[in-house]
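Note sheet for the following structure.
Throughout, a chain's letter reflects where its sequence line sits, starting with A, and its residues are numbered from 1. Below, all heavy atoms of this structure are taken into account, side chains as well, without hydrogens, waters or symmetry copies.
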Amino acid sequence: DGGITQSPKYLFRKEGQNVTLSCEQNLNHDAMYWYRQDPGQGLRLIYYSQIVNDFQKGDIAEGYSVSREKKESFPLTVTSAQKNPTAFYLCASSVPGGTYEQYFGPGTRLTVT
Amino acid sequence: AQSVTQPDIHITVSEGASLELRCNYSYGATPYLFWYVQSPGQGLQLLLKYFSGDTLVQGIKGFEAEFKRSQSSFNLRKPSVHWSDAAEYFCAVGVLTNFGNEKLTFGTGTRLTIIP
């Protein structure tokens, strides 16, 4: 089955540690996205990538980093510089070309204490 | 700048009653509009989308939405809700960035509660 995989479902870290969230897709989509979701704030775009080896900052990129070495993979690192990292993180992918339609993974809930 | 407003944070509806969730957008060009649904702790699932043509679009699970350009609205409707419709609903507009990349701007969501 084609889809987007995010692992793990739940992640716990101590404050001051970097943590990397995994996102893999087998939909053969060129574009991939990372969102952060907090209660009452909807989805906010962190980073996106339209092609391999290229990515752009979204609306709330500070304290995050990404890489796009393979078409299938778009890992997100939450660094110790992110002041409030506890949130639900969603990965998505799409086929660029005017449809704008995005397909979402199941999400990772990160808790930092 | 583009934006999406969902004025209702939380709506409670009786099972079997009709439903309308409001969405207003602000975008200078022809909008590409979406409704997504999210069950607790899950990802988002596409309910329906509007690109062009007929302003009344049908989606999955018996949902429909009507695009009204004059009101900058894209409200979601269902004639009779089921308990399984309890979830959070997000409206989104597709936009082009300054670099020509495509992205979605989301509203803050409406949480739907169904009472027996």
**Study point:** Region of A:Q37 in contact with chain B, defined by heavy-atom distances below 4.5 Å
**Key:** side chain
Check your understanding: chain A heavy atoms under 4.5 Å from B:Q6: which part of the residue, side chain, backbone, both or neither?
Key -> neither
Exercise for review: Let me know if A:L90 has heavy atoms under 4.5 Å from chain B in its side chain, its backbone, both or neither.
Suggested key: side chain
Review point. Hey, quick one: are B:F34 and B:V37 part of the same hydrophobic cluster, counting side-chain heavy atoms closer than 4.5 Å, chains of contacts allowed?
Key: yes
Point to revise | Atom group of A:Q50 that falls short of 4.5 Å from chain B, counting heavy atoms | key: side chain
Exercise for review: Please name the pair of heavy atoms, one in A:F88 and one in B:Q38, separated by the smallest distance, quoted to 0.1 Å.
Suggested key: CE2-NE2, 3.6 Å
Review point. Quick one: does B:K103's side chain have a donor or acceptor within less than 3.5 Å of a partner on A:L45's backbone?
Key: no
Check your understanding: Where on B:V95 is there a heavy atom nearer than 4.5 Å to chain A: the side chain, the backbone, both, or neither?
Key -> backbone
Practice item. Report yes or no: do A:L11 and A:L76 belong to one cluster of Ile/Leu/Val/Met/Phe/Trp/Tyr joined by side chain heavy-atom distances under 4.5 Å? Key: yes
Practice item. First locate atom OH of A:Y48, then atom CG of B:L104, and finally report the distance between them rounded to the nearest 0.5 Å. Key: 12.0 Å
Practice item. Would you name the heavy atoms of A:E101 and B:Y36 that are closest together and state the gap between them? Key: C-OH, 4.2 Å
Check your understanding: Any chain of hydrophobic side-chain contacts (each under 4.5 Å) joining A:L110 to A:Y33?
Key -> no
Review point. So if you build clusters from Ile, Leu, Val, Met, Phe, Trp, Tyr with side-chain heavy-atom gaps below 4.5 Å, do A:F74 and A:Y35 land together?
Key: no
Point to revise | Greater than 12 external heavy atoms within 6.0 Å of A:K9's NZ | key: yes
Review point. Do B:F90 and A:I46 belong together in a cluster built from hydrophobic side chains that touch within less than 4.5 Å?
Key: no
Check your understanding: Which distance, rounded to the nearest 0.5 Å, do you find between the OG1 of B:T108 and the CG of A:L43?
Key -> 11.0 Å
Review point. What distance separates A:R44 CZ from B:F106 CZ, expressed to the nearest 0.5 Å?
Key: 13.5 Å
Review point. What residue, out of B:I9, B:V4, B:L96, has the most heavy-atom pairs lying under 4.5 Å from chain A?
Key: B:L96
Revision key, fill the gap. To the nearest 0.5 Å, atom CZ of A:F104 lies from atom CG of B:L46 at 9.5 Å
